[in-house]
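Chain identifiers are assigned alphabetically (A, B, ...) following the order of the sequence lines, protein sequences preceding nucleic acid strands; residue numbering begins at 1 within each chain. Fair warning: this is a prediction, and the values are worked out from it, not measured in the lab.
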Protein chains: 2
Amino acid sequence: MRSSEPRAAARSAPTIGSVAEVAGVSRATVSRAFTRPQMLRPETVEKVRDAARRLGYVPNPAAKALSTGRFGNLAMVVPDIANPYIPPMISAVEEQADAAGFAVFLGNSAEDPAREDLLLRKLTPQVDGFVLAASRMGEDVIRRHAQARPLVLVNRDIEGIPRVLIDTAGGVAQAVEHLAGLGHRRLAYLSGPPHSWANAQRRRAVKRTGDKLGLEVVTLPARLSSHDAGRQAVGALLESGATAVVAFDDLLAQGVLAGLAERGIRVPGEFSVAGCDDVLAAQTFPPLTTVSARAREAGATAVELLTSRLGSGGGAMSDVRVMLDTTLVVRATTGPRPV
Amino acid sequence: MRSSEPRAAARSAPTIGSVAEVAGVSRATVSRAFTRPQMLRPETVEKVRDAARRLGYVPNPAAKALSTGRFGNLAMVVPDIANPYIPPMISAVEEQADAAGFAVFLGNSAEDPAREDLLLRKLTPQVDGFVLAASRMGEDVIRRHAQARPLVLVNRDIEGIPRVLIDTAGGVAQAVEHLAGLGHRRLAYLSGPPHSWANAQRRRAVKRTGDKLGLEVVTLPARLSSHDAGRQAVGALLESGATAVVAFDDLLAQGVLAGLAERGIRVPGEFSVAGCDDVLAAQTFPPLTTVSARAREAGATAVELLTSRLGSGGGAMSDVRVMLDTTLVVRATTGPRPV
DNA sequence: TTGTATGCGTTATCAC
DNA sequence: GTGATAACGCATACAA
């Protein structure tokens, strides 16, 4: 079956067989020396490891996977890698997975549910589990994938599927209270992606807290999370009569800042702006009041849930739902209501 | 060898055997229906594909890899996924790889050459090739890896290894000319990571162009590419007597803008700032004059090089070195020398 | 054009 | 404690 020339990829990499030969033992013994050393005499283990080291032997994961049905790989699928709250999460997932001995596939769905579904289908046969960040797929589709492989969701709340939720409701509520405390009476919420769990959560939190404090709350659509969308929303924002805005995320908030600056409206003197996710930190001008994100922790936690479940032989746990609290970080874009 | 319970990962996924059974053909025919349809009668192909579809058959990549020595996977390794010029590149790599039928592993070296080396070693046995962005590893180490697997570098210039270089020298030279044209006589270059090819290239371009135009050029170290590093460099910047700065990248430039704003120094009225990479677009205040990046194209090109080389049976081409030109994007942070 | 037989590198089940 | 050997799922020489 082998073509005439050596295979393209691994040309004559040492196999378990060559190690066995050099060590003067059987292939089975070599295998055991790595997977179950306690079954062997210590000196045998040493002998085998020595031979392996000399040959530069590395186990072939494809063969291992074929035999065990386990791959040593995870996949992380995200809606938009360019969104700044994603990379820290990826980074945390990668670190945590690496520490647990897993390599990580990355998939970018570009906010397209169909593409996300396809990605999962293609990745399934070579991963042990998935981390899905802010999945845009339908609940039924997610459930189907969860049946094929262990799967942990981040910022998507589906009962029965392990999930890590960054609970921005608390932080957003604090933002509303903060603005109310500064005397604002009419407040706008600038929406994010419509299918986003986070957006629904934040919108609700603004509304509820605003109602409680007797504020008027208007909700403005933005459709996308982007700088431009924020800038373009400024017109509607000013027409709404609000004196302060809570934006779905920092990108939108930054766009709003730019749009206000263009119109010569001073922040926070004439208008207050709060963001969410704390991804731009103090990088805006003025430094943005925002809600802390904990994206790194969310990623790390998701992998912990996944690997612990994989370790326990895939035994389904009861419903797991981890909430990560958030708090308001007051910087310099919020101030007293203009008089 | 199978343990009593079904394997953890793929429980009874349909195999080529089940498809063969349903379609009433041999397993070899099923295999050929997917890999070499032209060898079969069209109706046979149709019959097989039909059965496969009904069963939801997905080829097992581990078995395929074991048999062919090809994996259908690429790995992309980056120094720091949080650096905003990286995600667009990853995104492009992913798209292009996906289009060519490859899945993508992502590795984050955290700027650590040893970690990068380890990552590659662990990934090697399950990928067909690598894209290394701004690798921090030693040249000999890279060459060794390149011997094990086809490998394309981005922004790292090693003879004999295919590489895609974003040639910011041109854009940076334009920036210096632009500043000279505005009357600046003393100019600073704010450095980036010391082991970075891009940093060396940009520093040289500033120096050379400055010399040519009779400007005084001072080079300031920054060690890191970060907002804070830029802000902290402002003191040294002002002491240097320069009236304009070209920063290694936009992040540094943005930090400089913040540091200047803190001191009440107006941009571009009293000081001019230019960045590089165009990752913040118009998101700074004022919108940043910078050098275009083309990170997406670089990523896509790298994958093209890689897959074309893989397609051609791994036959080594002669030296490949793709340069992507850049140009200056003038926005609002550069202006006439203060009088 | 299609079927048969074999091997890819590993783990696991038996023997010894 | 260790050695044969049969899977795992697929691709391919070879036979028909």
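Ion pair R143(B)/D140(B) not flagged as a salt bridge, since none of the NZ, NE, NH1 or NH2 atoms sits closer than 4.0 Å to an Asp/Glu carboxylate oxygen. A salt bridge is absent between E43(A) and K47(A); no separation between the charged side-chain nitrogens and carboxylate oxygens falls under 4.0 Å. Using a 4.0 Å cut-off between a side-chain N of Lys or Arg and a carboxylate O of Asp or Glu, R163(B) and D319(B) qualify as a salt bridge. Ion pairing of R54(A) with E21(A) is absent here, as no side-chain N (NZ or NE/NH1/NH2) approaches a carboxylate O to less than 4.0 Å. A salt bridge links D157(B) to R321(B): at least one charged side-chain nitrogen sits closer than 4.0 Å to a carboxylate oxygen.
Distance CZ (R36(A)) to C1' (dT13(C)): 11 Å, rounded to an integer number of Å. The CZ atom of F34(A) sits 14 Å away from the C1' atom of dG9(C) (whole-angstrom rounding). The separation between I16(B) atom CD1 and dG3(C) atom P is 12 Å, rounded to whole Å. Atom CG in N60(A) sits about 10 Å away from atom P in dT11(C), given to the nearest Å. If you measure from atom NZ of K64(A) to atom C1' of dA7(D), you get 18 Å, rounded to the nearest angstrom. The interatomic distance linking E46(B) (CD) with dT1(C) (C1') rounds to 17 Å, in whole Å. Summarising the geometry, the separation between CD on E21(B) and P on dC10(D) is reported as 14 Å, rounded to the nearest angstrom. As a whole-Å value, the separation of L66(B) CG from dT12(D) P is 13 Å.
Checked against dT10(C), dA11(D), dT11(C), the side chain of T35(A) finds its nearest nucleotide in dT11(C). When the nucleotides dA11(D), dT11(C), dG9(C) are ranked by their closest atom to the side chain of S31(B), dA11(D) comes out on top. Set against dG9(D), dC10(D), dA11(D), the side chain of Y57(B) has dC10(D) as its closest nucleotide.
D128(A) places no side-chain N or O within 3.5 Å of a backbone atom of R70(A) that could act as its donor or acceptor partner. Judged by distance alone, with hydrogens and angles left aside, the side-chain atoms of E116(B) form no donor-acceptor pair with the main-chain N or O of P79(B) at under 3.5 Å.
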Just the atom pairs and distances: protein N or O near nucleotides 2-5 of chain D's N or O, under 3.5 Å.
unit_1 : atom_1 : unit_2 : atom_2 : d
dT2(D) : OP1    : T44(A) : OG1    : 2.6
dT2(D) : OP2    : R41(A) : N      : 2.9
dT2(D) : OP2    : T44(A) : OG1    : 3.3
dG3(D) : OP2    : S26(A) : N      : 3.1
dG3(D) : OP2    : S26(A) : OG     : 3.1
dG3(D) : OP2    : T29(A) : OG1    : 2.2
dG3(D) : N7     : R32(A) : NH2    : 2.6
dG3(D) : O6     : R32(A) : NH1    : 3.4
dG3(D) : O6     : R32(A) : NH2    : 3.4

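Residue P61(A) is out of contact with every strand shown, counting any heavy-atom pair closer than 4.0 Å.
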